[in-house]
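Throughout, protein chains are lettered first and strands after them, A, B, ... in sequence-line order, and every chain is numbered starting at 1.
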There are 2 protein chains.
Amino acid sequence: MPPVETAGPRRMRADARQNVDALLDAAKDVFAESGVDAPVRAIAERAGVGVGTLYRHFPQRSDLISAVFRREMDACVDAALEIEAAYPPGEALDRWIMRYTQFVAAKRGLAAALHSGDAAYEPLAVSFSTRLVPTLNRLLESARAAGERIAPVAPGEFLGAVADLCHSGPRSSAEASARAERMVGLLLAGLRA
Amino acid sequence: MPPVETAGPRRMRADARQNVDALLDAAKDVFAESGVDAPVRAIAERAGVGVGTLYRHFPQRSDLISAVFRREMDACVDAALEIEAAYPPGEALDRWIMRYTQFVAAKRGLAAALHSGDAAYEPLAVSFSTRLVPTLNRLLESARAAGERIAPVAPGEFLGAVADLCHSGPRSSAEASARAERMVGLLLAGLRA
DNA sequence: AGCAGTAGCGGAACATTGTTCCGCTTAGCC
DNA sequence: GGCTAAGCGGAACAATGTTCCGCTACTGCT
């Protein structure tokens with residue numbers, strides 16, 4: 001049984017689709033409030049369904065996490081286009097990295113999920129590799145083409161490192177956010193050393 | 001009831017002291033194998049005691065973690081003395097940071113504990129602030145005194161960032177270790193930009 | 001509209017793990 | 001050797017993840 005809807009041979013029943021949507025909404029809220037380790041029952045309850053229904057659509061917690069985070073990830077990728085249009089290559093790189101920093105900081109648990117190595121997070125890792133990594137790669141190449149001296153670095157590795165630096169404490173405070181940005185800034189400086 | 005032995009008014013019974021030692025040894029092994037989230041029962045069993053005994057000496061999981069990690073932390077601090085004696089200030093800084101990197105990478109969960117913000121990890125945070133932070137501070141000042149241009153940075157923040165970058169996957173592979181060192185290197189380069 | 005078949009639902013039941021409690025054991029002291 | 005309480009072990013309870021299955025009601029067909 002494929003999780004959620006993988007373009008299966010048959011259409012999904014209408015009520016089932018509604019439940020999936022309700023679960024995604026509920027999960028987004030609960031994750032934001034209590035982190036990705038929140039009790040499964042809390043999500044099911046907020047969505048107004050039984051735990052069985054949750055497990056039917058998202059056999060693994062990671063499936064739910066992946067689904068919730070993927071949307072936000074896409075928004076971050078799209079932001080790159082706007083930034084590239086508005087700023088010269090070097091500055092665009094910095095600006096997008098900061099945009100990405102904020103994105104990761106807002107989604108507690110994303111960083112941990114990303115390189116947990118757990119095969120269950122494959123969908124997230126795939127989105128990461130096919131969307132975010134090429135985006136950074138493009139920005140790096142543009143900056144290099146514009147004459148900037150930028151250390152050779154694997155884009156995926158760099159993005160992973162930035163995500164690590166966004167590990168904030170229990171509550172994402174302004175202080176933690178500032179700290180993350182300072183350290184990411186240091187990493188960016190290192191890229192140009 | 002104070003955890004472990006806090007210079008209480010009365011001596012601890014000899015068998016109790018043995019159990020504490022057995023627990024610390026067991027916990028060190030189990031943490032290394034399965035991470036700091038390993039089941040409490042596994043630790044108690046390996047130590048050959050009941051869970052009640054474990055809870056008597058370490059009411060919180062964090063007490064056990066703190067006790068286990070503190071020893072290793074001290075070893076890392078001591079290493080700085082040797083390194084400072086053997087290398088010029090600038091190189092000593094880099095070498096010690098790498099030593100610290102290896103230390104953190106080996107202790108999965110240390111980074112998370114360090115800035116979890118959880119008050120329970122206070123003992124660890126104290127050791128961190130009183131031992132590691134001054135060590136880095138000394139190394140930074142020495143390097144600056146030797147004429148190196150080093151960005152102003154809070155030592156604690158920097159050490160926290162390095163710890164974050166050591167977040168390896170499930171198994172601490174040579175690959176993950178190499179990745180961590182590359183990114184820490186980038187951060188060090190940023191320090192001198 | 002009415003019906004049959006099945007996708008999907010709900011939640012009880014089970015498994016794992018953290019945490020507490022208390023009767024029994026035994027080290028430390030005289 | 002005997003007294004006393006520090007300390008022990010593990011049963012019992014609580015929270016949470018996961019599975020399973022009888023029942024419901026949506027969909028497609030006529």
**Request:** Indicate, with a heavy-atom threshold strictly under 4.0 Å, whether A:V51 touches base, sugar-phosphate, or nothing.
**Result:** base
**Message:** Students often get this wrong, so: under 4.0 angstrom with heavy atoms, is A:A42 touching a base, only sugar-phosphate, or nothing?
**Reply:** nothing
Send over the distance from [X] [atom1] to [N] [atom2], rounded to a whole Å.
X     : N      : atom1 : atom2 : result
B:E45 : D:dG10 : CD    : C1'   : 13 Å
B:Y55 : D:dA12 : OH    : C1'   : 14 Å
B:M12 : D:dC8  : CE    : C1'   : 13 Å
B:R17 : D:dA6  : CZ    : P     : 17 Å
B:D15 : C:dC29 : CG    : P     : 12 Å
A:R41 : D:dA14 : CZ    : P     : 15 Å
B:F58 : C:dG18 : CZ    : P     : 16 Å
A:Q18 : D:dT24 : CD    : P     : 20 Å

**Request:** By nearest nucleotide on DNA chain D, pick out whichever of A:Q60 and B:G50 is the more 5' one.
**Result:** B:G50
**4.5 Å side-chain heavy-atom contact, B:Y100 and B:L132** = yes
**Item:** Heavy-atom side-chain proximity of B:I43 to B:R46 below 4.5 angstrom
**Value:** no
Is any side-chain N or O of [X] closer than 4.0 Å to OP1 or OP2 of [N]?
X     : N     : value
B:H57 : D:dC8 : yes
B:N19 : D:dC8 : yes
B:T53 : D:dG7 : no

Between [options], which one does the side chain of [X] approach most closely?
X     : options                : value
B:V49 : D:dG9, D:dG17, D:dT27  : D:dG9
A:R13 : D:dC26, D:dT16, C:dT26 : D:dC26
B:R56 : D:dG7, C:dT20, C:dG28  : D:dG7
A:A14 : D:dT27, D:dG7, C:dG18  : D:dT27

**Asked** Hey, is CD on B:E181 packed in by over 12 heavy atoms from elsewhere, all under 6.0 Å?
**Response** yes
**Item:** Intermediate values then yes/no, side-chain contact (heavy atoms from CB on, under 4.5 Å), B:E157 and B:V162
**Value:** CA-CA 9 Å; B:E157 207 167 281; B:V162 172; over 6 Å; no
**Prompt:** Going only through I, L, V, M, F, W and Y residues with side-chain contacts under 4.5 Å, is there a path from A:Y87 to A:V184?
**Reply:** yes
